[in-house]
> 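I have a structure I would like to understand better, so I am pasting it below and will then ask my questions one at a time.
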Amino acid sequence: MVTVRSHRRTAGDPVERDRLVTQHRTLPRLFGSLLLVVAAGFAGIGAASAPGGGAPARAETPRPLGQLVPVPAEVAPGGSPYAITPSTRIRVADGTREVREIGAYLAGLLRPSTGYALPVTDRDGRDGIRLELGDDDPGLGAEGYRLRSAKGAVTITAREPAGLFHGVQTLRQLLPDRVERNSRQEGPWQIAGGTVTDSPRYAYRSAMLDVSRHFFSVAEVKRYIDQLALYKLNKLHLHLSDDQGWRIAIDSWPRLATYGGSTEVGGGPGGYYTKSDYQEIVRYAASRYLEVVPEIDLPGHTNAALASYAELNCDGIAPPLYTGTTVGFSSLCVPKDVTYDFVDDVVRELAALTPGKYLHIGGDEAHSTSHEDFVAFMEKAQAVVGKYGKTVMGWHQLTGAKPVEGAVAQYWGYDRTGAAERQQVVDAAKNGTKLILSPADRSYLDMKYTKDTKLGLSWAGLVEVQRSYDWNPATYLEGAPEGSVLGVEAPLWTETLTDSAEIEQMAFPRLPGVAELGWSPAATHDWETYKVRLAAQGPRLTALGIDFYRSPQVPWAGQ
Ligand code: ACM
């Protein structure tokens with residue numbers, strides 16, 4: 001069966017969205033005090049005056065401690081604010097190399113806009129911005145942090161460097177939006193007094209970028225990584241191969257990249273990452289506490305590979321390169337031995353380049369592979385991933401084969417996915433398969449917001465900002481054990497997207513909502529308060545040069 005992805009579904013159902021709004025309005029608001037703080041401080045957002053405009057010490061209410069995306073687990077406001085000044089130091093006393101690097105990263109964020117020197121020092125002291133490992137609160141886990149802000153110092157403590165890094169993102173979001181600008185701005189640079197104690201709901205908080213349908217440069221990927229870090233995501237899933245392009249150099253099969261990577265949707269020049277490019281992305285992601293999860297989509301979505309090597313085809317004839325957007329027409333030749341030489345070589349080389357735990361082998365939309373062949377192929381491919389020391393990830397069609405122990409299935413169904421397909425995933429979860437949730441009608445960032453959205457597709461429906469935020473990963477797949485859900489992902493398919501500006505139009509402002517679903521406690525989930533916090537991100541995104549979709553559902557301030 002051949003499916004045209006962009007045409008196979010109709011637009012979203014407004015009745016469904018209305019029902020969800022009502023449902024969440026009735027949720028108890030467990031974070032009442034936080035909501036008051038957020039509301040009280042919101043009036044202060046527009047208070048920043050233009051740079052260079054007169055009195056240096058203007059009155060400005062610091063942003064309330066809870067006015068963050070993702071909203072933190074606990075906020076205890078109180079006491080005097082801390083202010084960054086020309087003499088502020090960033091202290092990383094007793095710090096390891098990683099802590100020093102986080103200090104340097106923070107200095108790099110703050111220097112251009114504050115114009116201050118902000119030296120990073122390992123000399124201990126009670127003043128300044130202090131980054132400390134060794135918080136002994138086990139509740140903080142591997143990624144949690146505590147931020148205490150008072151007159152003399154703001155101190156971030158954590159058990160692990162990742163926690164300090166996330167705490168730095170909190171500190172950053174508490175500063176005025178103009179801190180994100182690349183040119184010198186006026187102070188004051190205050191952080192409200194009080195304590196934030198925070199740790200994530202889910203350990204797996206991911207964004208996917210499809211670099212196959214259109215190729216994106218290392219610089220464009222780094223730019224996206226920086227944006228993911230601001231919202232405390234910790235995985236970057238790279239969709240490295242598809243029908244339209246193979247994007248990673250594999251030494252033992254060089255034509256995959258040099259020929260298979262030589263075009264893209266629409267017939268542009270495409271491109272691929274050399275091994276050193278890929279390693280640079282991996283290192284850069286690691287410096288932002290994101291783990292790269294590489295995907296080679298198998299056994300379908302393989303036209304670029306089949307075009308590059310005739311012997312991978314059952315008939316021995318290489319098809320032409322493909323630059324359209326149809327899915328489901330390609331398949332590796334399951335009975336041929338050479339197919340497994342190919343899979344072994346690719347997985348071996350990619351695993352060797354990837355320090356992270358996971359290797360994603362796709363498995364979606366294998367409409368040109370018989371069911372029997374699919375099951376046989378996935379069994380062999382999973383064994384190869386295990387042989388090279390990685391944990392298998394696959395799209396949820398993996399559950400229609402035999403997921404190996406420890407495998408992770410990524411659910412990408414949507415409101416009209418059939419009950420049998422859902423049940424298969426639920427049954428696998430009951431049998432121990434872990435799940436990542438990326439429902440296409442919620443978290444797919446390439447779905448159009450409205451029928452008037454120029455970019456994107458609409459086969460899973462129209463996904464406005466509220467719809468993309470308003471769901472619960474723990475209950476989304478009814479019957480799946482709660483412990484089976486490792487986390488969430490916001491995939492971005494790029495059939496219609498060609499550069500960073502287009503990525504950003506689709507990712508923002510939905511990406512922060514998926515990030516919040518992954519990070520914030522379920523009890524904080526509330527569209528009415530979320531949309532106010534999201535609105536407050538608008539000027540920050542603008543300061544970062546991100547041109548986002550001004551959804552009418554969000555009360556943007558001063559935009
Ligand atoms: C997918 O959207 N085919 C995973």
Side-chain angles (χ1 to χ4, degrees), residues 31 33-34 37-38 41 61-85 88-95 98-99 101-107 109-110 114 118 120 124-177 179-180 188-201 229-232 234 288-289 515-516 519-521 524 533 536-537 540:
F31 271 56
S33 58
L34 172 62
V37 171
V38 168
T61 315
R63 183 177 300 263
L65 275 186
Q67 199 184 67
L68 303 168
V69 177
V71 74
E74 271 182 65
V75 177
S80 307
Y82 172 73
I84 301 175
T85 68
T88 297
R89 286 164 187 273
I90 298 175
R91 298 193 182 277
V92 293
D94 303 328
E98 281 161 290
V99 179
E101 283 173 2
I102 294 167
Y105 165 84
L106 174 60
L109 286 176
L110 302 181
T114 62
L118 301 172
V120 180
D124 204 358
R126 296 172 61 150
D127 64 317
I129 301 174
R130 306 167 71 233
L131 306 180
E132 285 178 7
L133 280 184
D135 195 304
D136 57 9
D137 176 358
L140 293 181
E143 291 190 289
Y145 66 92
R146 193 185 318 275
L147 180 149
R148 294 187 192 85
S149 171
K151 194 167 171 50
V154 56
T155 304
I156 304 175
T157 55
R159 294 169 70 83
E160 303 284 345
L164 289 181
F165 185 81
H166 297 317
V168 159
Q169 301 306 326
T170 289
L171 184 152
R172 173 183 180 187
Q173 282 200 20
L174 290 172
L175 286 163
D177 308 310
V179 79
E180 307 293 353
W189 302 105
Q190 298 183 93
I191 295 163
T195 301
V196 175
T197 308
D198 200 12
S199 59
R201 177 181 183 187
L230 173 59
Y231 295 103
K232 300 187 173 77
N234 67 357
R288 270 70 176 145
Y289 290 85
E516 173 146 326
W519 181 280
S520 302
T524 62
R533 284 183 291 102
Q537 295 291 309
R540 183 166 304 268

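Hydrogens, waters and symmetry mates play no part in the numbers below; they use all other heavy atoms, side chains included. On a predicted model such as this, the values are computed, not experimentally measured, just so you know.
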> Salt bridge check: are Glu516 and Arg533 linked by an N-O gap of less than 4.0 Å?
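Yes, charged N to carboxylate O under 4.0 Å.
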> At their closest point, which heavy atom of Thr197 faces which heavy atom of Ala73, and how far apart are they?
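Answer, listing the atom of Thr197 first, then Ala73: O-CB, 3.7 Å.
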> Ignoring hydrogens, what is the shortest heavy-atom contact between Ile102 and Pro161? Give both atom names and the distance.
CD1-O, 3.4 Å
> Specify the closest pair of heavy atoms between Lys151 and Tyr82, including all atoms of both residues, with the distance to one decimal.
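That would be O-CD1, 3.5 Å.
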> Is the backbone N or O of Val71 less than 3.5 Å from a side-chain atom of Ser520, with the two atoms forming a donor-acceptor pair by type?
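Yes, the answer is positive, given that a donor and an acceptor are paired below the 3.5 Å cut-off.
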> I want to check something: taking the side chain as every heavy atom from C-beta on, are Ile129 and Arg91 in contact at a cut-off of under 4.5 Å?
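Side-chain contact under 4.5 Å: no.
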> Drop me the distance from Phe165's CZ to Tyr145's OH, to the nearest 0.5 angstrom.
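These two atoms lie 12.5 Å from each other.
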> Kindly give the heavy-atom pair with the smallest separation between Val99 and Leu131, and that separation in Å.
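For Val99 versus Leu131, the nearest heavy atoms are CG1-O, 4.0 Å.
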> Closer than 4.0 angstrom, basic N to acidic O: yes or no for Arg159 and Glu143?
no
> Checking side-chain contact (heavy atoms from CB on, under 4.5 Å) for the pair Arg146/Thr155: CA distance, chi angles, key distance, verdict?
CA-CA 8 Å; Arg146 193 185 318 275; Thr155 304; over 6 Å; no
> Start with the C-alpha gap between Val92 and Glu132, add the side-chain angles, then the distance that decides, and say whether side-chain contact (heavy atoms from CB on, under 4.5 Å) holds.
CA-CA 6 Å; Val92 293; Glu132 285 178 7; over 6 Å; no
> Mind running side-chain contact (heavy atoms from CB on, under 4.5 Å) on Gln173 and Gln537 for me, showing each step along the way?
CA-CA 9 Å; Gln173 282 200 20; Gln537 295 291 309; 3.1 Å; yes
> I need the minimum non-hydrogen distance between Tyr231 and Val69, along with the two atoms involved.
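Smallest heavy-atom distance, with atoms named: CD2-O, 3.3 Å.
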> Looking only at heavy atoms, what is the nearest atom pair of Arg63 and Ala192, with distance?
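Looking at all heavy atoms of both residues, the closest pair is O-CB, 3.4 Å.
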> Rounded to the nearest 0.5 Å, how far does CD of Gln190 lie from OG1 of Thr61?
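Those atoms lie 8.5 Å apart.
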> So how far is it from Ser149 OG to Leu174 CG, rounded to the nearest 0.5 Å?
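Those atoms lie 8.0 Å apart.
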